[in-house]
Chemist: 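Quick one: structure below, then a few questions.
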Amino acid sequence: YNSSLTAMDTVSMSGTATQTTNLGVLASGLYQYFVAEQNSNCISGLSTISVNVKAIPTAPALSNNSPVCSGADVTFQAGFVAGATYSWTGPNGFGSNQQNPVIQNAGTIAAGVYSLSITVDGCTSTASTTTVTVNALPASPIVTNDTICNGASAVLTAVGTGGNLTWYSDAGGLNQI
């Protein structure tokens with residue numbers, strides 16, 4: 001307990017009145033102060049006032065799985081803080097109270113800066129941020145069909161937009177050739 005308060009203010013009052021004294025900003029901790037009333041040179045007993053100054057929590061470190069391609073899930077990771085409630089905000093009105101939220105099937109509009117603040121015991125941290133990158137999917141390659149006679153070599157032709165082309169033997173894209 002911090003009981004080092006000295007007489008700060010003396011106010012003359014008549015009848016019933018409320019008086020306040022501003023102590024300014026205090027460090028985290030439990031403080032005790034005392035107040036007495038004086039009237040006609042008579043002093044009352046002391047009343048005890050306790051002030052509990054709670055610490056402001058530190059927001060946990062954040063991360064996410066970006067960069068991702070459009071259509072993939074974006075997952076956020078925030079460290080666990082006992083007793084915390086989580087408050088996420090981000091682009092397009094994103095909001096979540098989960099510790100580790102997920103944006104399913106994210107489009108490029110999900111790209112941007114996301115913020116998290118936590119509240120513990122009624123006190124809210126400053127915000128931590130993490131940046132999400134969602135890359136647009138490239139256009140499907142332009143292809144040229146080929147007709148050949150039996151015994152001739154087949155030549156597949158496709159034009160892309162500058163990325164690497166990968167060839168598959170099935171429509172599911174599972175068997176690369």
Side-chain angles (χ1 to χ4, degrees), residues 2 20 22-31 50-177:
N2 179 347
T20 60
N22 186 345
L23 300 176
V25 177
L26 299 172
S28 297
L30 184 60
Y31 298 83
S50 296
V51 178
N52 184 7
V53 181
K54 300 173 189 176
I56 294 176
T58 301
L62 307 180
S63 62
N64 66 74
N65 66 326
S66 79
V68 297
C69 294
S70 184
D73 294 348
V74 174
T75 59
F76 296 94
Q77 298 83 34
F80 174 77
V81 177
T85 56
Y86 295 79
S87 179
W88 288 89
T89 59
N92 286 331
F94 174 82
S96 175
N97 61 1
Q98 297 177 356
Q99 177 186 347
N100 299 312
V102 176
I103 300 174
Q104 296 180 334
N105 195 27
T108 55
I109 61 172
V113 177
Y114 290 77
S115 300
L116 169 67
S117 43
I118 60 170
T119 301
V120 177
D121 204 18
C123 298
T124 302
S125 71
T126 57
S128 292
T129 61
T130 185
T131 301
V132 169
T133 302
V134 180
N135 296 319
L137 295 175
S140 296
I142 299 169
V143 297
T144 302
N145 292 321
D146 193 16
T147 302
I148 59 171
C149 295
N150 191 8
S153 291
V155 177
L156 304 176
T157 303
V159 177
T161 58
N164 294 324
L165 297 178
T166 305
W167 301 87
Y168 300 92
S169 64
D170 65 306
L174 301 175
N175 298 308
Q176 189 173 342
I177 56 174

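Everything numeric here is computed off the predicted structure, so don't read it as measured data.
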Chemist: Can you measure from CD1 (Ile56) to OG (Ser28) and round to the nearest 0.5 angstrom?
Modeler: 7.5 Å
Chemist: Report the distance from atom CG of Leu137 to atom OG of Ser70, rounding to the nearest 0.5 Å.
Modeler: 5.0 Å
Chemist: Tell me every residue that passes side-chain hydrogen bond (donor to acceptor under 3.5 Å, both in side chains) with Ser115, counting only those two or more places apart in sequence or in another chain.
Modeler: none
Chemist: Got a sec, which pairs hit salt bridge (charged side-chain N to carboxylate O under 4.0 Å, His left out) with one end in residues 114-128, sequence neighbours left out?
Modeler: Lys54-Asp121
Chemist: Could you work out, with side chain to side chain contact (heavy atoms under 4.5 Å, CB included) as the rule, every residue matching Thr131, not counting sequence neighbours?
Modeler: Val113
Chemist: Nearest heavy-atom pair of Val53 and Leu26: which atoms, and what distance?
Modeler: CG1-O, 3.6 Å
Chemist: Which heavy-atom pair separates Gly24 from Asn22 by the least distance, and what is that distance?
Modeler: N-OD1, 2.7 Å
Chemist: Measuring from atom CG of Asn97 to atom CH2 of Trp88, what distance do you get when rounded to the nearest 0.5 angstrom?
Modeler: 12.0 Å
Chemist: Is Gln176 atom CD crowded by more than 12 heavy atoms from other residues, nucleotides or ligands, each under 6.0 Å away?
Modeler: yes
Chemist: Indicate the atoms forming the closest heavy-atom contact of Ala78 with Tyr86, along with that distance.
Modeler: CB-CE2, 4.4 Å
Chemist: Can you name the nearest heavy-atom pair linking Val134 to Ala111, along with the distance?
Modeler: N-CB, 3.9 Å
Chemist: Which pairs, with at least one residue in residues 91-117 and sequence neighbours excluded, count as a salt bridge (charged side-chain N to carboxylate O under 4.0 Å, His left out)?
Modeler: none
Chemist: I need the Ile118 CD1 to Thr85 OG1 distance, nearest 0.5 Å.
Modeler: 8.0 Å
Chemist: Do the side-chain N and O atoms of Ser117 and Ser125 include a donor-acceptor pair separated by under 3.5 angstrom?
Modeler: no
Chemist: Any pair with a residue in residues 97-128 that passes ring-ring contact (aromatic ring centres under 6.0 Å, His included), sequence neighbours left out, goes on the list, sorted by first then second residue, please.
Modeler: Phe76-Tyr114, Phe94-Tyr114
Chemist: Out of the candidates Val74, Val132, Val102, only one should pair with Asn65 under the side-chain contact (heavy atoms from CB on, under 4.5 Å) rule; please name it.
Modeler: Val74
Chemist: Ser128: what forms a side chain to side chain contact (heavy atoms under 4.5 Å, CB included) with it, not counting sequence neighbours?
Modeler: Ala59, Leu62
Chemist: Kindly give the heavy-atom pair with the smallest separation between Gln77 and Asn100, and that separation in Å.
Modeler: CA-OD1, 3.1 Å
Chemist: Quick check on Ile142: does its CD1 atom have over 12 non-hydrogen neighbours (other residues, nucleotides or ligands) under 6.0 Å away?
Modeler: no
Chemist: Has Asn175 got a side-chain atom pairing as donor or acceptor with Asp170's backbone, closer than 3.5 angstrom?
Modeler: no
Chemist: Between Ala158 and Trp167, which heavy-atom pair has the shortest distance, and what is it?
Modeler: CB-CH2, 3.6 Å
Chemist: Which distance, rounded to the nearest 0.5 Å, do you find between the CD1 of Ile103 and the CG of Asp73?
Modeler: 9.5 Å
